[in-house]
Amino acid sequence: MRHETRRLILLLLPAGIVFAAFFLLPMARLFFIGGSGKTGWAAYAAILTDSLYLDSLLSTLAVAAATTAATLVISGISGVFLQRHKFPGNALLVSMLTFPLAFPGVVIGFMVIMLAGRQGLIGQVTQALTGEKLVFAYTIAGLFMGYVYFSIPRTILTVMAAAEKLDPKLEEAARSLGASPWRVLLDVIIPGLKPAFISAGAICFATAVGAFGTAFTLAARINVLPMVIYTEFTLSANIAMAAALSFVLGIVTWLVLAVARTAAGSSVAAAG
């Protein structure tokens, strides 16, 4: 028994060292730096009492939740369709949908500007049709567009893999019992894809909460937590507050992934 225990410890030791070095120690360091400023540990309370920090936190969570919902709807419909229907160009379409994985957040932001900026395509089309130029690249709506574009590849592949494993016999049985297409969708397909939706949604939410490059590119009138952290650190030299905000951001992301893992079990993929 002792030999097995020693062997288990030796096998887990490398993972434990990596976990301590790249998660526990940095998070502990952030936590103590956050309480080392002029306001001390009150910096953590300021996140909820200061309107600037609270509004940025709420805006971050709201745009992340909206991004997750929209991405799951788009990826769920298109993922199941592409998995169930093979046609000429299917593989090319899937590769195009996953192509944004090759782009950093800054490039995604630049693409949003090219679409919805002052000289963007959407503005030119709306001006030609209505006489008024629609510009929203530098707002939360533009950030939402960029996040959805950035998140679809991360969810559609998960949905397609889960849809491939769905047993068609369950759907056939439901139809034979008189279930309508909507009942088949609600009672068979969606429950079958639920673990994939939870896992993909958690990673999508966590990515949107912490994304910086896209927000930095579009940061004319956008108040989200990663941008506030950047401002506190670089422009205000308020390292303690930046650390406190970073710690809270990390904890929120960790809690979302932990809840998702509990809800979906072992199907939740690791966030990368």
Any side-chain heavy atom of [X] within less than 4.5 Å of one from [Y]?
X: L61; Y: F205; value: yes
X: L115; Y: M111; value: no
X: I47; Y: M241; value: yes
X: L54; Y: T49; value: no
X: L82; Y: L97; value: yes
X: I113; Y: Q119; value: no
X: R84; Y: L166; value: yes
X: V80; Y: L193; value: yes

Under a single-linkage definition using a 4.5 Å side-chain heavy-atom cutoff for Ile, Leu, Val, Met, Phe, Trp and Tyr, are [X] and [Y] assigned to the same hydrophobic cluster?
X: V106; Y: M114; answer: no
X: V148; Y: L72; answer: no
X: V224; Y: V252; answer: no
X: L249; Y: V228; answer: yes
X: L143; Y: V135; answer: yes

Verify, without hydrogens or angle tests, whether T126 (side chain) and L134 (backbone) share a donor-acceptor contact under 3.5 angstrom.
-> yes

Got more than 12 heavy atoms from elsewhere within 6.0 Å of [atom1], [X]?
X: F216; atom1: CZ; answer: no
X: F99; atom1: CZ; answer: no
X: K169; atom1: NZ; answer: no
X: F144; atom1: CZ; answer: yes
X: W41; atom1: CH2; answer: yes

Take N238 and K38 through the side chain to side chain contact (heavy atoms under 4.5 Å, CB included) test and state the conclusion after the steps.
-> CA-CA 9 Å; N238 192 352; K38 295 180 180 179; over 6 Å; no

Calculate, to the nearest 0.5 Å, the distance between atoms [atom1] and [atom2] belonging to [X] and [Y] respectively.
X: I198; Y: K194; atom1: CD1; atom2: NZ; result: 5.0 Å
X: I122; Y: Q127; atom1: CD1; atom2: CD; result: 14.0 Å
X: N90; Y: Q83; atom1: CG; atom2: CD; result: 8.5 Å
X: I203; Y: L257; atom1: CD1; atom2: CG; result: 7.0 Å
X: I152; Y: L101; atom1: CD1; atom2: CG; result: 11.0 Å
X: D55; Y: L225; atom1: CG; atom2: CG; result: 11.5 Å

Measure the acute angle between the ring planes of F81 and F87, then classify it against the limits of 30° and 60° as parallel, tilted or perpendicular.
-> tilted

Do the rings of F247 and F31 sit parallel, tilted or perpendicular, given the 30° and 60° boundaries?
-> tilted

Determine, using ring centers only, whether F150 and F103 are less than 6.0 Å apart.
-> no

Could you pull out the closest heavy-atom pair between [X] and [Y], with the gap in Å?
X: G34; Y: A43; answer: O-CB, 3.4 Å
X: N223; Y: S59; answer: O-CB, 3.4 Å
X: A243; Y: L30; answer: CB-O, 3.7 Å
X: S199; Y: T158; answer: OG-CG2, 4.0 Å
X: V184; Y: A174; answer: CG2-CB, 4.1 Å
X: P100; Y: M96; answer: CD-O, 3.7 Å

Applying side chain to side chain contact (heavy atoms under 4.5 Å, CB included), run through L218 and M145 and close with a yes or a no.
-> CA-CA 11 Å; L218 306 174; M145 174 189 285; over 6 Å; no

Mind checking what makes salt bridge (Lys or Arg N to Asp or Glu O under 4.0 Å) contact with E232, not counting sequence neighbours?
-> none

If you group Ile, Leu, Val, Met, Phe, Trp and Tyr whenever their side-chain heavy atoms sit less than 4.5 Å apart, what else falls in with I239?
-> I33, F233

